[in-house]
Amino acid sequence: MSRWTALRTAWIARRNRVFANPRFQYWAARLPLIRLIARSRADAAFDLLAGFAYSQVLRAYVEGGLFEILKDGPLDAATIASRMDLSEDAALTLLRAGRALMLSEEAGPDRWMLGEQGAVFAANAGVQAMIRHHRLLYADLADPIALLRRDRKEPTGLSRFWTYAGALHGATERGAQTTEYSELMATSQHFVADEVLASVGFRDVRRLLDVGGGHGAFLTAIGSAWPHLQLGLFDLPEVVETGGAVLGEAVGANRISVHPGNFFKDSIPEGYDMVSLIRILHDHDDEPAQALLANIRASLAPGARLLIAEPMARIPGAEPMGEAFFGLYLWAMGSGRPRSPEDIIAMLAKAGFASARPVATAQPVNASVIIARA
Ligand SMILES: CC(C)=CCC/C(C)=C/CC/C(C)=C/C=C/C(C)=C/C=C/C=C(C)/C=C/C=C(C)/C=C/C=C(C)/C=C/CC(C)(C)O
Ligand SMILES: C[S@@+](CC[C@H](N)C(=O)[O-])C[C@H]1O[C@@H](n2cnc3c(N)ncnc32)[C@H](O)[C@@H]1O
């Protein structure tokens, strides 16, 4: 153990003894200035405890159609109750719960409107689709210790949904089942693509290949913003069968090439000066993820680039999104883990990339970005 680690260990142990002391907590809550920190820690502790209830309020807004209803606001509780098929008391309970979470707001007595966060959710169909999808996550997480103890390769609700993850441990059927996840990904793609478009220029790219590109939503977004680009879509055969048609329709069949394949077994098509991996790497355990990077590296001419965009771990200020949310999500899915930019850059070096750098994004909850050069 280094001297620094020993010092840090001793400091953490001492700090934790102090923080755990009820008398320290009592006085910290009353001392000038310190009490501001103490209050915010207590509120954060409560949020940690109550997160599930908050999520269920949000889910009730989405599944009960309340965001849509409030878009027509201001409305009174009785009208809202009848449109939601709830009693007035139940509707008021939900409206008040959402008011505390900034989902709804009372402009005046019994005049309900969208709140500040409500306006954001109501306008974002992709995030709403994710909220609906989280039904599977919460079912898998109902007993978290049991989930963590069981063999990770046993099927779960999420591994059955992500059939490629399920297929890694025995689920055989794919086919039509890829449509449901591909549609969820396409609906939620714009907030990832927007981060990429805002942080990466494509002027000097000629041919872009999206590996694991699903129904082509990322290529549609990038290809629409940069009309000079030739676009390649690589995904499992059952996915590109639909994806190729959707993409061709969106950007013109003359601009696209469709490559059915398995990125673990087949070579990645050559001749592209940029390859993108959008929300792919975190789906896979270290060994296959490393193999995928090596497979892509082998397809690239010197100087060609790989763009990785996905939610990452240990992003300052967005830590819970990475290892607390996606860590548990991917654990339940049975494959993959969120990685920090440092982890990914080390894997890129091991795969033979000459250089790699993180590119700052405005909203890391949507995606972080890394660009590597072959
Ligand atoms: C001018 C004055 C006085 C004040 C201004 C104040 C101000 C700045 C207000 C802010 C208003 C504003 C601009 C708000 C913006 C809010 C935004 C952009 C919110 C974004 C929220 C994004 C969310 C909640 C994203 C959620 C994403 C999720 C849950 C994604 C899940 C993805 C999954 C599960 C993917 C699965 C794929 C797999 C399997 C892992 O590969
Ligand atoms: C989480 S989705 C991401 C889709 C898209 N890139 C996006 O961000 O919306 C993962 C994608 O990887 C594809 N995929 C999974 N395993 C694959 C494999 N072995 N070979 C090719 N594609 C695969 C899936 O079909 C799916 O489209």
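Whatever order the structure lists them in is the order used to number ligands and atoms, beginning at 1.
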Part of Tyr164 with heavy atoms under 4.0 Å of ligand 2, whether side chain, backbone, both or neither: side chain

Does the distance from a Lys or Arg side-chain N to an Asp or Glu carboxylate O, for Asp283 and Arg339, drop under 4.0 Å? no

N/O to N/O below 3.5 Å, does that happen between Asp235 and ligand 2? yes

Please report, to 0.1 Å, the donor-acceptor pairs under 3.5 Å made by any side chain of residues 243-257, with sequence neighbours excluded.
from, atom 1, to, atom 2, distance (Å)
Arg255, NE, Leu229, O, 3.1
Arg255, NH1, Gly223, O, 3.3
Arg255, NH2, Gly223, O, 3.1
Arg255, NH2, Trp226, O, 3.2
Arg255, NH2, Pro227, O, 3.3
Arg255, NH2, Leu229, O, 3.0

Would you say Arg279's side chain and Met185's backbone share a donor-acceptor pair under 3.5 angstrom? yes

Flag the pair Phe263 / Asp235 as yes when at least one side-chain heavy-atom distance between them is below 4.5 Å, and no otherwise. no

Which one holds for Met185 and ligand 2: side chain close, backbone close, both close, or neither close, with close meaning a heavy atom under 4.0 Å? both

Which ligand 2 atoms, with their elements, are less than 4.0 angstrom from a heavy-atom of Gln189? 7 (C), 8 (O), 9 (O)

What about Asn262: any of its N or O atoms under 3.5 Å from an N or O on ligand 2? yes

Does NZ or CZ of Arg30 fall inside the cone over Tyr26's six-membered ring, less than 6.0 Å from its centre and within 45° of the axis? yes

For Thr156 and Ala332, indicate whether the former's side chain and the latter's backbone hold a donor-acceptor pair under 3.5 Å. yes

Sub-4.0 Å atoms of ligand 2 with respect to non-hydrogen atoms of Ile278: 3 (C), 5 (C), 6 (N), 7 (C), 8 (O)

Show me which atoms of ligand 2 lie under 4.0 Å from any heavy atom of Arg279. 1 (C), 3 (C), 7 (C), 8 (O), 9 (O)

Under 3.5 Å, N or O to N or O, is Tyr181 touching ligand 2 that way? yes

Is it true that Glu106 and Arg99 have a side-chain N and a carboxylate O under 4.0 angstrom from each other? yes

As an exercise, identify every atom of ligand 2 less than 4.0 angstrom from a heavy atom of Asp283. 1 (C), 10 (C)

Any protein N/O atoms within less than 3.5 Å of an N/O atom in ligand 1? List the atom names and distances, or say none.
from, atom 1, to, atom 2, distance (Å)
ligand 1, 41 (O), Asp283, OD1, 2.5
ligand 1, 41 (O), Asp283, OD2, 3.4

Run the numbers for me: atoms of ligand 2, each under 4.0 Å from some heavy atom of Gly261, listed by number. 20 (N), 21 (C)

Salt-bridge criterion met for Arg314 and Asp343 (N-O under 4.0 Å): no

Kindly give the cluster partners of Ile37, where membership spreads through any ILVMFWY side chain lying under 4.5 Å from a current member. none

Between Arg373 (side chain) and Arg305 (backbone), is there a donor-acceptor pair under 3.5 Å? no

With a 4.0 Å cut-off, would you call Arg150 and Asp143 a salt bridge? no

Residues passing the side chain to side chain donor-acceptor pair (under 3.5 Å) test with Asp89, sequence neighbours excluded, are none

Within the distance-only criterion (no hydrogens, no angle test), does the side chain of Asp76 pair as donor or acceptor with the backbone N or O of Trp112 below 3.5 angstrom? no

Could you tell me which atoms of ligand 2, counted from 1 in the order shown, lie closer than 4.0 angstrom to a heavy atom of Gly214? 27 (O)

Does any N or O of ligand 2 fall below 3.5 Å from an N or O anywhere on Gly213, backbone included? no

Ligand 2-proximal atoms of Thr178, by part, heavy-atom distance under 4.0 Å: neither

Is it true that Arg135 and Glu63 have a side-chain N and a carboxylate O under 4.0 angstrom from each other? yes

Geometry only, no angles: is Phe264 polar-contacting ligand 2 at N/O separations under 3.5 Å? no

Taking distance alone, with N or O pairs closer than 3.5 Å, would you say His284 contacts ligand 2? no

Going by distance only, is there an N or O of Gly212 that falls short of 3.5 Å from an N or O of ligand 2? yes

Under 4.0 Å from any heavy atom of Val239, which atoms of ligand 2 are there? 25 (O)

